[in-house]
Amino acid sequence: MLDIRLIRNDAAAVNAALKRRNPDLSVDDVVALDEQWRQLLHEEEELRSQRNALSKQVGELKRTGQNADELQEKTRLIGDRIKAIETEKETIEARQKELLHFIPNMPSEHTPTGTSEEDNVVVRTWGDEYKDRPWSGVTDHWDVGTKLGILDFERGVKVAQSRFSVIVGQGARLERALINYMLELHTQKGYTEVIPPFLVNPSAMFGTGQLPKFEQDMFQCKDDPLFLVPTAEVPVTNLYSDEILDEEQLPIYMTAYTPCFRREAGSAGKDTRGLIRQHQFNKVELVKLVHPETSAQEHMSLVEDAEAVLQGLKIPYRVIELCSADLGFSAARCFDLEVWMPAQGVYREISSCSNFLDFQARRANLKFRAKDTGRPTFLHTLNGSGLAVGRTLAAILENYQVAENTVRIPEVLQPYFGNQTELALHECIV
RNA sequence: GGAGAGGUGGCUGAGUGGACGAAAGCGGCUUCCUGCUAAGAAGUUGUCCGGCCUAAAACUGGACCGUGGGUUCGAAUCCCACCCUCUCCGCCA
């Protein structure tokens, strides 16, 4: 959520920033409502002040046994007017929220301006020397995964619905090894591992920006007001909501494995094959709560921490910076990691590392007490995938495919396989 | 799921219609004092939203005693609904 005071004081600058995302965005209506609202607030407070004074007099009269009927009547009328103004004010507040809650974050000054993902900027590429590792006839991850008997796309659909799959045998073990490997890597770098709830309430969803705009993208419980987490970002970022942390507690680094559940509404027909776009997938997430002055550099190191996973696995990737039009709702600046998928010869998103500045902190009420001013101050939040596990598994199936139906196990994962070096065929399902 | 108790400031905890933003204690901060890894004295101490102001502070108005409604001239206090916590019973990985 944007700061209403910033909007009030410099609507032109806010508009200019927002229009880099989308020319249709503007805070003009918010400003108009804000003016009305403040007018009403002023009136209301004036009346309340009067009522407080008069009520005190009523009490005084009654205590001394005098008649207060006239004064009571007068005060009652003021009460009626307060109620009327309150109603009007609430209407305006509701309309303003309706607008404000749907306005995305402003792109940072560093974010390149663009009109579509075409304008995203390649920052760097890594691991070109590993690109020739797969054999000449490399096949798609779903193909080799199915043939090896470690991916079962049909039975997943049978027990759930389309876009659900089953990982079997050595595939499941590989998925589990990846989760462990990632968590180990991150905790060694100082991230605290947390296992959060996989279901969260609407307030948490609002805090990180999924609600109200993206309600259709989430799975929702039928009998409880709870959503299945679309990413660990939601429970983990909200852990300290409505608290005022000490400045010494910052920065807070957390990493969490969770399954992620997304309805993928509106993406019908896109990436329907394989593990790329499932309703349920595993992800290890990195979350940082930091002092505002450090968030820019914390963002850079966050990206590096995500990159370390792919570097350890020796899988080629590139880092791109999202342009203003491609930024997520809450982000001010974002770098994506795209992993090399040799079967199709394309880079595929595998991580998204964002700096939200105080946008989420304001929604979730995440504060720390600043030493210099002594005031409660919004902190900055950042998060990044470290990494999407299913897509990493897919990348391994292609990048480590060395012959027909032969997939090697990356060195760093071999300890999780009793030092086995190659995925074995799973007889049970094939 | 059943029965009961309860949600007040950083913490403990008083407050059953008006002088309560809220006693007291603890903690924190400031100053003073004491020749010693500590004790004592005094003062101070929340959050949010407006106004004022170039801005901050100060000042000033308002709101906040789990949340949302209601009653009343006036609600921490009375009424209703919801949420949460604790205890006992039941069920259960």
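Letters A, B, ... are given to chains in the order of the sequence lines, protein chains preceding strands, and every chain is numbered from 1.
Atom-to-atom, CG of D34(A) to P of G50(B) comes out at 8 Å; the value is rounded to the nearest Å. Residue E247(A) contributes atom CD, which lies 19 Å from atom P of G10(B) at whole-angstrom precision. Put simply, CZ on R48(A) is 7 Å from P on C64(B), counting in whole angstrom units. Here G62(B) presents its C1' atom at 11 Å from NE2 of H42(A), a figure rounded to the nearest Å.
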Worksheet entry | Working for ring pair (Phe, Tyr, Trp, His ring centres under 6.0 Å), residues Y253(A) and H186(A) | CA-CA 9 Å; Y253(A) 299 159; H186(A) 299 317; over 10 Å; no
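Under a 4.0 Å N-O distance rule, the pair E233(A)/K283(A) does not qualify as a salt bridge. A salt bridge links E298(A) with K288(A): the distance from a Lys NZ or Arg NE/NH1/NH2 to an Asp or Glu carboxylate oxygen falls below 4.0 Å. In this structure, E44(A) pairs ionically with R48(A), as a charged nitrogen and a carboxylate oxygen lie closer than 4.0 Å.
The nucleotide whose nearest atom lies closest to any side-chain atom of K367(A) is, among G74(B), G62(B), U47(B), U47(B). In this structure, the nucleotide among G51(B), C73(B), C49(B) sitting nearest to the side chain of R5(A) is C49(B). Among the nucleotides U47(B), C73(B), G50(B), the one closest to any side-chain atom of R76(A) is C73(B). Considering only the side chain of T75(A), C73(B) comes nearest among A63(B), C73(B), C49(B). For R375(A), the side-chain atoms get nearest to C48(B) when compared with the rest of C48(B), C73(B), C49(B).
Taking the P atom of each, C49(B) and C86(B) are spaced 32 Å apart, rounded to whole Å. If you take atom C1' in A76(B) and the same atom in A19(B), they sit 16 Å apart, rounded to whole Å.
At G62(B), one or more side-chain N or O atoms of S49(A) fall inside 4.0 Å of OP1 or OP2 (strictly under the cut-off). For the pair K83(A) and U71(B), the criterion of a side-chain N or O lying under 4.0 Å from OP1 or OP2 is met.
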